[in-house]
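These notes are about the structure you will find just below.
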Amino acid sequence: METQLDKNNKQQLLAFDLIANTNSSFFLTGRAGTGKTTFLRNVQKMVDKQFITLAPTGVAAILAGGDTIHSFFGLPLEVCAPGTCGKMNEARILTLLHADTIIIDEVSMVRCDIVDAIDYTLRKALRTTQPFGGKQIIFVGDMFQLPPVVRQGAEKDLLHDMYQTDDFFFYKANAIKRMRLVKIEFQEVYRQDDDKKFQRILENVRMNKVTPEDIMHLNQRVKRPQAEDGMVITLASRNDTADGINQQRLAEIDSKEFVYEGTITGKFDDKKLPVELNLHLKVGAQVMFTRNDQQKRWANGTLAKVVKLTKDEIHVELDNGETYVVPCCSWDSPSFEYDRDTRKLKKEITGTFTQYPLKLAWAITIHKSQGMTFDKMALDLSRGLFAAGQLYVALSRVRSLDGLFLSRGIIPQYAHTNREIIAYANGYNDEQSINSEIESGKAVYDLLQKNDYDEAARQYLLLLHKKAMSGDIKEAMQQAKRFLDTLICDDNLLGCIEEIPTELQTINHWAGKFLVALLSLYAGKYEQALEFSDNVLENHQCQEALFVKSRALTMLGRYQEADNVNEQMGDVFDISTPDAKVLYMIAMLNEFHIGAPSLELMQKLVEAKPKYDKSIHTMRLLMKRHGIMLEAPNESELIEAFNSDMDEDAFGVLLKTCRENAPKSVSYLIQRIKRQEFDKEEM
């Protein structure tokens, strides 16, 4: 497969820009056949990033070449209540630490509580307040396809109480509500590109705009497949219907049955098997390939007829009359781990399943047909259709209207789509939001790659000032959030803003007042920053406004008042996902103005931001201030320098050199800092 983009596909180019040049999370969607999977596979070969691919079900994960969400994050199978954190060992956390991008496939089937659990697990594992631990998440899927499965009763009642909704789509997650998630929809259809009428019908079914004319055209396909139609697969709404058809048709064949036993080596979860462990076949059976052929003789979803069977060979004939001996295939069950030597993510194979890539295919469920394409397909409507989007998923599996066979007429009620999904889709391809995301993402991407948090924060601050000056309050607030998520030490930012838009100061909404307070702080107008942060806090209690107030009071020399504000902040401060800027601010205030030693706070900051050199410098300064040496058996050159009287500039050069040429020595230094115990009397 050539690793290239469709240069005429605007949405592909925008999505590529977001992946290649930003750390921004986004939702990638598109109707069936728009090439989402092919695009992502190509991008992973083209972009120098470390990718992890996950999916909600075992089979989807294996087909995507990844792991399941629950397995990777160690999440429970039941509803994830607020504060649910996955169980991850140190090796898995190390893998996360070095990953750049996490792809979550088939996201239409992922519930919002699972997304919140992913967010909390990432923030806690990576010790940060940034959404999803600061990782780029690409949510991939078509919301018009099948929704998340929720059991009636206690499970649904609990989710309703948590989210105040009856629809538990991934974007209802609180984590996503707190961020801007731009939505790119691929619109160019590659699957049904020769049947424009069918494309239009599919789009109308998808968008709940089906017309009597559409129904008429579809119902002209109410007919039973004939022998001359060749191989046709039946799609059914229920498992028992599909299984019943397959077993009945196999039993009707009066010939010897062969059983081909698959083999498992290592660890391979039975629930992830892409085909049956034991494959039962007879000559004359209709089968479907479950994997693309490297020689491109068939694809995942290609139908075939078994024409010869022996103990060790399966011969099949395709619809084009060509006959092949089917080779066995192996599917790997991967585990992602970080390789310290190469400093890259390594996909470790924990188990392998070997079997012929075939399954009985007179019938399959609509649910299991997602991602497949058929030349000819019969839709079994004997038991109706129930779930929203089910008709769209079924119809979009077949390449053309001429390849469709219906067991009975479609009624308009089958073509229903969740209205909330239609409303959500109105935000697809908002070019202003997408371009704003690319602009801000590009401004800081290289800086964040180099762990230059100070300059990244500066760029966010300048960008929010630019947006505020242009009157774009919504965009300015987006950048303000990112600025505060990135910020650690703001000493070099104070006074970098020259002008505050006067119109902003007259806005009554709390967002406008907050922007004035924030910009005033970095314009050196500390009294004004204090006034406007108090205005915000009168009606809208938030940690960000408390942070601005505390910094303004500190700069005014009102240290005890600042300390009181910090105590208020402590009520909402979660030390398991520490806010780096708050840790640094409190440590400096306590140490130099309140008289409370802050070694343990700075120790937590080093642990939370191990790649932020200033935290190590400050830790060294505070330990010298208290006359404490770093306890370190088998001292290295770097630790000797840490304990020495070497000036800060020289130590900084050595630390930078070690990061580039001897990273293990920096890791050892950080480990010793994390393990250092401080005697209260000594401080």
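Using a 4.5 Å heavy-atom cutoff, the side chains of Val398 and Phe198 are in contact. Side-chain contact between Thr84 and Tyr120: absent, with no pair of heavy atoms (C-beta onward) separated by less than 4.5 Å. Side-chain contact between Arg482 and Leu463: absent, with no pair of heavy atoms (C-beta onward) separated by less than 4.5 Å. Taking 4.5 Å as the limit, every side-chain heavy atom of Asn429 sits out of range of all side-chain heavy atoms of Lys10. Taking 4.5 Å as the limit, some side-chain heavy atom of Leu464 sits within range of a side-chain heavy atom of Leu515.
A donor-acceptor pair is defined here as one N or O able to donate and one able to accept, closer than 3.5 Å; such a pair exists between the side chain of Asn208 and the backbone of Thr417. Side-chain N or O atoms of Asp167 include none that pairs as donor or acceptor with a backbone N or O of Phe169 at under 3.5 Å. One N or O on the side chain of Arg92 and one on the backbone of Phe72 form a donor-acceptor pair closer than 3.5 Å. In this structure, Asn21 contributes its side chain and Lys442 its backbone to no donor-acceptor pair below 3.5 Å. A donor-acceptor pair is defined here as one N or O able to donate and one able to accept, closer than 3.5 Å; such a pair exists between the side chain of Asp113 and the backbone of Cys80. The closest donor-acceptor contact from the side chain of Thr234 to the backbone of Ala363 lies at 3.5 Å or more, if one exists at all. For the pair Asp100 (side chain) and Gln50 (backbone), a donor-acceptor distance under 3.5 Å is present.
Here Ile118 contributes atom CD1 and Phe73 contributes atom CZ; the two are 5.0 Å apart, rounded to the nearest 0.5 Å. In this structure, the separation between OH on Tyr392 and CZ on Arg206 is 4.5 Å, given to the nearest 0.5 Å. How far CD1 of Ile138 is from CG of Leu18: 8.5 Å, rounded to the nearest 0.5 Å. Between the CD1 atom of Ile19 and the CG atom of Leu40 there is a distance of 5.5 Å, given to the nearest 0.5 Å. Between atom CG of residue Asp6 and atom CD of residue Gln12 there is a gap of 5.0 Å, rounded to the nearest 0.5 Å. One finds the OG1 atom of Thr486 at 6.0 Å from the CG atom of Leu448 (value rounded to the nearest 0.5 Å).
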Using the rule given for side chain to side chain contact (heavy atoms under 4.5 Å, CB included), can you reason through His367 versus Met109, listing the C-alpha separation, both sets of side-chain angles and the distance that settles it, and then say yes or no? CA-CA 10 Å; His367 197 277; Met109 295 190 286; 3.5 Å; yes

Between Ser396 and Arg31, is a side chain to side chain donor-acceptor pair (under 3.5 Å) present by the stated rule, with each step listed? CA-CA 8 Å; Ser396 60; Arg31 71 198 81 173; over 6 Å; no

Evaluate the criterion side chain to side chain donor-acceptor pair (under 3.5 Å) for residue pair Glu455 and Gln459; output intermediate values, then yes/no. CA-CA 6 Å; Glu455 185 56 30; Gln459 292 302 319; 2.8 Å; yes

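Within 6.0 Å of the CD atom in Gln432, the count of heavy atoms belonging to other residues, nucleotides or ligands does not exceed 12. Enclosure of atom NZ in Lys49 by more than 12 non-hydrogen atoms of other residues, nucleotides or ligands within 6.0 angstrom is indicated.
Minimum heavy-atom separation, Asp105 to Pro56: O-CD, 3.1 Å. Nearest heavy atoms, Phe170 versus Val107: CG-CG2, 3.6 Å. For the residue pair Asn23 and Lys135, the shortest heavy atom distance occurs at OD1-C, 4.3 Å. Across every non-hydrogen atom of Leu75 and Ala117, the tightest pair is CD2-CB, 3.8 Å. Residues Lys172 and Lys177 approach most closely at O-CE, 3.3 Å, considering heavy atoms. Minimum interatomic distance between Ala580 and Ile488 (heavy atoms only, all atoms of both residues): CB-CG1, 3.9 Å.
Salt bridge Arg178/Asp119: present, at least one basic N to carboxylate O contact under 4.0 Å.
Each of Lys197, Arg200, Lys209 was evaluated against Asp214; a single residue qualifies, Arg200, per the salt bridge (Lys or Arg N to Asp or Glu O under 4.0 Å) test.
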Can you list, pair by pair, the side-chain donor-acceptor contacts under 3.5 Å of residues 472-479, counting residues two or more places apart and other chains?
{"unit_1": "Asp472", "atom_1": "OD1", "unit_2": "Glu475", "atom_2": "N", "d": "3.1"}
{"unit_1": "Glu475", "atom_1": "OE1", "unit_2": "Arg180", "atom_2": "NH1", "d": "2.4"}
{"unit_1": "Glu475", "atom_1": "OE2", "unit_2": "Arg180", "atom_2": "NH1", "d": "3.4"}
{"unit_1": "Glu475", "atom_1": "OE2", "unit_2": "Arg180", "atom_2": "NH2", "d": "3.1"}
{"unit_1": "Glu475", "atom_1": "OE2", "unit_2": "Gln479", "atom_2": "NE2", "d": "2.7"}

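Between Tyr424 and Tyr171, the distance separating the two ring centers is shorter than 6.0 angstrom.
Looking at Asp116 and Tyr163, their side chains do bring a donor and an acceptor atom within 3.5 Å of each other. In this structure, a donor-acceptor pair under 3.5 Å is present between the side chains of Ser24 and Glu437.
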